[in-house]
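Taking it in order: structure first as structure tokens, then the write-up.
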There are 2 protein chains.
Amino acid sequence: MPDTLSTPTRIRNIAELARLAGVSTGTVSRALADKSLVNKDTRERIQALAREHGFRPNQMARRLRVQETKVIGVVVPLGHEQRQHLSDPFFMAILGHLADTLTENGYDIMLSRVIPDADDWLERIVDSGMLDGVLLIGQSNQFETIERVAQWYRPMVVWGSHRPGQTHCTVGVDNRQGGRLAGECLIKAGRKRLAFLGEAIAPELKDRYDGLCDAAAAAGLPAPIKLDTHLASDVMAEDIAAHIERIHAEVDGIVSASDLIAMHAVRALADRGIRVPEDISVTGFDDLPLAEQTIPRLTTISQSIAVGARAMVQALFERIAGTDSASVEMEPKLIRRDTA
Amino acid sequence: MPDTLSTPTRIRNIAELARLAGVSTGTVSRALADKSLVNKDTRERIQALAREHGFRPNQMARRLRVQETKVIGVVVPLGHEQRQHLSDPFFMAILGHLADTLTENGYDIMLSRVIPDADDWLERIVDSGMLDGVLLIGQSNQFETIERVAQWYRPMVVWGSHRPGQTHCTVGVDNRQGGRLAGECLIKAGRKRLAFLGEAIAPELKDRYDGLCDAAAAAGLPAPIKLDTHLASDVMAEDIAAHIERIHAEVDGIVSASDLIAMHAVRALADRGIRVPEDISVTGFDDLPLAEQTIPRLTTISQSIAVGARAMVQALFERIAGTDSASVEMEPKLIRRDTA
DNA sequence: GCAGATACAACAATCGATTGCAATACCCTT
DNA sequence: AAGGGTATTGCAATCGATTGTTGTATCTGC
């Protein structure tokens, strides 16, 4: 601290430091990068000088020159949601793991600006020149846009469903299989009047619904009814409340599109005195850490977020290195707890 | 799409586009910025050309030149936590709101790399030249470091407690008052054997504990016992489990340092057949959206995260503009629900 | 003592934009 | 037709680094 205060001038760039040290900028640059090309003594002298003045080279300039930003963009497509639901717990959970992995590898994370009304939002992000790669969390209803960009932009990996023939690289679970597992769990518990709680616009959610339908069909049950619910957590509560009467009358088993929805549903049912799982069974999806801490604990489908995040990053790194890594589809797993 | 495919060459910079348009780079730059200085016809011609080739100017270069990055760093100091708990729901909740506000104002967000073992982590972030400003979520045990940097770096705002005489600008609630409110709530419910669940290393959490002590003292009760708990969600469960016996024996009212801790506590108590609030009262802190959806609903202290996030961003913008905005301390509010 | 190798540092081009200033062309006025 | 003004555009410096090439001592060996 004392030396920080005693220094009269802050050094703003490598040139000033060079003048101070009586050498050229090139030498300073190499010295700070600790290259053996410069004499050990001068190198250490320059480094000491830099430390003393608290100087650190401007990263913007360095990255422009080196053409490598060490920044990865992480984006949630918000195509079909007006409200930005960045606070969605699933996004946050996976973001946490992505942050861990990327940080370990020396990358920073940029949550890029998304302008949902412009249809070139992804191009804008990808083309900004600020990013070495892009990770998308969820496909939303932006499948076409993602495909279009994937035609020419390689370092991009998407969390979501894999459709045969698609160009873009996805990592995710077999959502249809997950939906089926949830359905079978309910059916095995004797439930016959099933419903899907969520919205089936995004491919990954539609797949879950389809899986549920598979399970119902296999058991000779009618197609489960579909109850639309926004994913933004503040409107979700109302949406679910609006469905409650119908659920009370027509449903005895609910497959929710996410853990958050399941939590809200259990809560809303409790408000009406409907008990879970005695009166109605409920399943979640995602297996967030939260799912284990609720009362009652959520029965849910595990997406193993940590593994998924790691897979996304690995695939991305391969793509940054030039390899066209393939999509990864993981097996979902039923986590049986208290709600079904 | 057809025209995207028909173009043989991708344009990589403004110079190529200039050659293609038969003008100088300066003109292209001005045309793309839609400056009236260039002829309307050429301007539109250039813009059309750019659109056709899907060209967008390199942001890294632009930002280096204009010395304005339009990027704000958002950082959680992890000083006293080994595990990175980026998935902490409070952080995520406030991050969501920050993202909304910053995005509306044309800023991007960078989750900067934090190397907890190096003591110049903040200098490194602040000095990278990549950021127009920095927002810190929580002070952790890094008060000194933050102060040191605040001496010379203005565009920084911190979520946390305000200590008299500090240099850095904070936004937060009166944590001591919040702790007192929670304590008074329990005392009013007839609880006499109080405990604080959390860790009192970070100033904001210590303040909450002190407030609880105030309330106890005012009611003539002994000082509440302090039960340490990590904030990282995966070890938290074990930590709490380890305290359960002692709680069972010695405690009838718990003030938790956060909603997440409260949730875990309620869950752990339920595992032992201890009912909340019949046997033990529990309060949370933060009033996360989740607190309203749990069973039973959490009684908690509201931090009004949305308002706080907006205040942080506003203070930051003032500081970027050159004004030395003052700290903001908001009034906490008791939200009475089911657990106390 | 000299050729050749080695070590070190300076020079200058480069990354891809922005922008103040200079230059040109054209129009209008008298 | 000359002079002054305006509308456009080009030129070149600049932001702050990195890095290939060149230049100059110094050293080694014979």
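Residue numbering restarts at 1 for every chain, and letters A, B, ... go by the order of the sequence lines. Quick caveat, the model's predicted, so the values are computed rather than measured. The figures here come from the full heavy-atom set of this structure, side chains too, leaving out hydrogens, waters and symmetry mates.
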Less than 3.5 Å apart, which donor and acceptor atoms pair up between the side chains of residues 128-137 of chain A and the rest of the protein, not counting sequence neighbours?
residue : atom : partner : partner atom : Å
A:S128  : OG   : A:I125  : O            : 3.1
A:S128  : OG   : A:M130  : N            : 3.1
A:D132  : OD1  : A:T69   : N            : 2.9
A:D132  : OD1  : A:T69   : OG1          : 3.1
A:D132  : OD2  : A:T69   : N            : 3.2
A:D132  : OD2  : A:K70   : N            : 2.7

Name the atoms and distances for all side-chain donor-acceptor pairs under 3.5 Å in residues 19-28 of chain B, with sequence neighbours left out.
residue : atom : partner : partner atom : Å
B:S24   : OG   : B:T27   : N            : 3.4
B:S24   : OG   : B:T27   : OG1          : 3.2

B:R154 side chain to B:G322 main-chain N or O, any donor-acceptor pair under 3.5 Å? no
Are any side-chain N or O atoms of B:Q139 and backbone N or O atoms of B:A202, one a donor and one an acceptor, separated by less than 3.5 Å? no
Do any of residues 34-42 of chain A sit with a heavy atom less than 4.0 Å from DNA chain C, and if so which? A:V38, A:N39, A:T42
I want to confirm an ordering. Mapping B:L64 and B:G26 to their closest nucleotides on DNA chain D, which one lands closer to the 5' end? B:G26
Output yes when at least one side-chain N/O atom of B:S29 is less than 4.0 Å from OP1 or OP2 of C:dT18, else no. yes
Nucleotides bounding contact with chain B, strand DNA chain D, heavy-atom threshold 4.0 Å: D:dT8 to D:dG16
Quick one, B:D127 and B:D120 - any side-chain contact, counting heavy atoms below 4.5 Å? no
On DNA chain D, does the nearest nucleotide to A:T27 precede the nearest nucleotide to B:S24 from the 5' side, or the other way round? Give the residue. B:S24
Distance-minimising heavy-atom pair for A:D34 and A:R43: OD1-CD, 3.4 Å
Would you mind reading off the distance between A:R45 atom CZ and C:dC8 atom C1', rounded to a whole angstrom? 13 Å
Tell me, please, which residues at least two apart from A:E44 pass salt bridge (Lys or Arg N to Asp or Glu O under 4.0 Å). A:K40
Tell me which pairs pass ring pair (Phe, Tyr, Trp, His ring centres under 6.0 Å) where either residue lies in residues 128-150 of chain B, with sequence neighbours left out. B:F143-B:H168
